[in-house]
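Structure first, then comments.
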Number of protein chains: 2
Amino acid sequence: MSIEPARRVRRSPEAARENILQSAERLLLEKGPQGLKLVEVAQGAGVSHATVLHHFGSIDGVQTALAETMIRQLVARVLEAERPDDPQAQLEGVGQVLFDAFETAGGARLAAWLELTGETRRLTLVRAAVEEVISGPMAQKGVDPEKATNLILVAVSLAMGVGLIGRSLAELVGRPPETTREAALAFLKSGLAAALNR
Amino acid sequence: MSIEPARRVRRSPEAARENILQSAERLLLEKGPQGLKLVEVAQGAGVSHATVLHHFGSIDGVQTALAETMIRQLVARVLEAERPDDPQAQLEGVGQVLFDAFETAGGARLAAWLELTGETRRLTLVRAAVEEVISGPMAQKGVDPEKATNLILVAVSLAMGVGLIGRSLAELVGRPPETTREAALAFLKSGLAAALNR
DNA sequence: AGAGTTATCTACAAAAATGTCAATAGAGCC
DNA sequence: GGCTCTATTGACATTTTTGTAGATAACTCT
């Protein structure tokens, strides 16, 4: 019995890259940065590790690409909900959206990963997003840019923290996992209201 | 010319372990989880990598020990400042202390690392600390335990987020790095006041 | 001083992870 | 059908990282 050569699936370069990145993302979120091994990524994508190298050049290439797409997704999720319809409802919803963005698809874990690996330069996208919010909804509401910036900094930090450790923190003190998120949301909302209506 | 054998420094097991752990911590904070290599840790500690293995058994042993001591330090830093002298000043200082704790010596990065690696079980220490705060200063102030818990969850999450990405976030939008921290502190303070004086 | 203990070292070995290369096989095109 | 292009692969090569073993030197105790 001779060994059958594996039958191949031939994808377009774009499809191949996306397939691989999805596997990489899954691994990152499951096992953390340490789990991002070439062969495991390949395995998860149903492909040989040589293929991964063909498309990304090196393991670093994979990490870089992954970071970039994840940031892009994160920023997109945040901005998507910034429609300038009703500024009031918007401001109330900002927290909601932010929290979602950082909780969904491991946004917070991505950010943490970037911080831990010192990849903070990659964040020009984020900067653009922040500026968009400041000059968009905030300015419309007539908020002083300085103050608006501060609020955003706080809100994002909070969303980050909640997204990262919110669930386990709540469970740690014997509450349902969403407790942190809900409490933080309420806290943020009332804080925002107090800071803005004045 | 024959090679001189390196002269040895013989430490007590405890001192040796501590020396090594310090190097490991430095590396973790500098290069992230990926930078925690056996030889680098050894180099930073000024010993051979075999010595590290002798004391910790494996690289996992190093990680485990490191996580534990870092958590211990973090919790200690938080609780240290919980002296039941003046409940009022205390509550105001809580934010300060929390933020310090998560910012100093990479507390936030530690927590992030633990989360990313899925090492959340190691956190029994934290649980004890939270309970101590709830039943201590909070109860003294006559705060409903439920509400107290929520506030703590929020405060810790915020401290976490600020400690992790606060500085780079501020720099990202062109402010001095402490901006996030200061804004968050003010936000937290007024929020706490509003939630408690009622 | 001599002996015992063990933290430490060097040298080697094993394993894991990354990277290279030539051959192959899908898919579109003539 | 035959041709071309290249995504894919298996097998090999290299580098990195972790782990093992025996010898040695620092320290304590008698």
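Order of the sequence lines sets the chain letters (A, B, ...), proteins ahead of strands, with each chain counted from 1. Keep in mind that what you see is a predicted model, and the values were worked out from it rather than measured. Computed over heavy atoms, backbone and side chain alike; hydrogens, waters and symmetry mates excluded.
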So, does A:Thr51 get its side chain near the phosphate of D:dT9, meaning an N or O under 4.0 Å from OP1 or OP2? yes

Ignoring hydrogens and geometry, is there a side-chain-to-backbone donor-acceptor pair from A:Asn19 to A:Ala45 under 3.5 Å? yes

By nearest-nucleotide position on DNA chain D, the 5'-leaning member of B:Val9 and B:Glu40 is B:Glu40

Hey, is B:Glu18 close enough to B:Arg11 for a salt bridge, meaning N to O under 4.0 Å? no

Pick base, sugar-phosphate or nothing for A:Ser58, based on heavy-atom distances below 4.0 Å to the nucleic acid. sugar-phosphate

So which one's nearest nucleotide on DNA chain D is more toward 5', A:Val47 or B:Arg8? A:Val47

Whole angstrom is fine here: how far is it from NZ in B:Lys37 over to C1' in C:dA15? 14 Å

Pick base, sugar-phosphate or nothing for A:Ala50, based on heavy-atom distances below 4.0 Å to the nucleic acid. base

How many whole angstroms separate atom CZ of A:Arg7 from atom C1' of C:dA27? 17 Å

Would you please confirm or rule out a distance under 4.0 Å between OP1 or OP2 of C:dA7 and any side-chain N or O of B:His54? yes

What is the separation between atom CG on B:Leu38 and atom P on D:dT20, rounded to the nearest whole Å? 11 Å

Using a strict 4.0 Å threshold on nitrogen-to-oxygen distance, state whether B:Arg175 and A:Glu146 make a salt bridge. yes

Do NZ/NE/NH1/NH2 and the carboxylate oxygens of B:Arg72 and B:Glu68 come within less than 4.0 Å? yes

Nucleotide D:dA7, atom C1' - distance to CZ of A:Phe56 in whole Å: 13 Å

Of the options C:dG26, C:dA7, D:dA11, whose atoms approach the side-chain atoms of A:His49 most closely? D:dA11

Tell me: CD1 of B:Ile59 to C1' of D:dT20, nearest whole Å? 16 Å

Mind calculating the distance between CG (B:Leu27) and C1' (D:dT17) to the nearest angstrom? 14 Å

Of the nucleotides D:dA25, C:dT18, C:dG26, which has the atom closest to the B:Arg10 side chain? D:dA25

Checking all strands, does A:His55 fall into the base, sugar-phosphate, or nothing category for heavy-atom contacts under 4.0 angstrom? sugar-phosphate

In whole Å, I'd like the distance from the CZ atom of A:Arg11 to the C1' atom of C:dG28. 19 Å

Looking at every strand, decide which applies to B:Leu53 at a 4.0 Å heavy-atom threshold: base, sugar-phosphate, or nothing. base

Just the rounded figure in Å: distance from P of C:dT10 to CD of B:Gln43. 12 Å

At 4.0 Å (heavy atoms only), tell me whether B:Val39 reaches a base, stays on the sugar-phosphate, or touches nothing. base

Donor-acceptor contact below 3.5 Å, side chain B:Ser157 vs main chain B:Leu153: yes

Does a nitrogen or oxygen in the side chain of B:Ser48 sit under 4.0 Å from OP1 or OP2 of C:dC9? yes

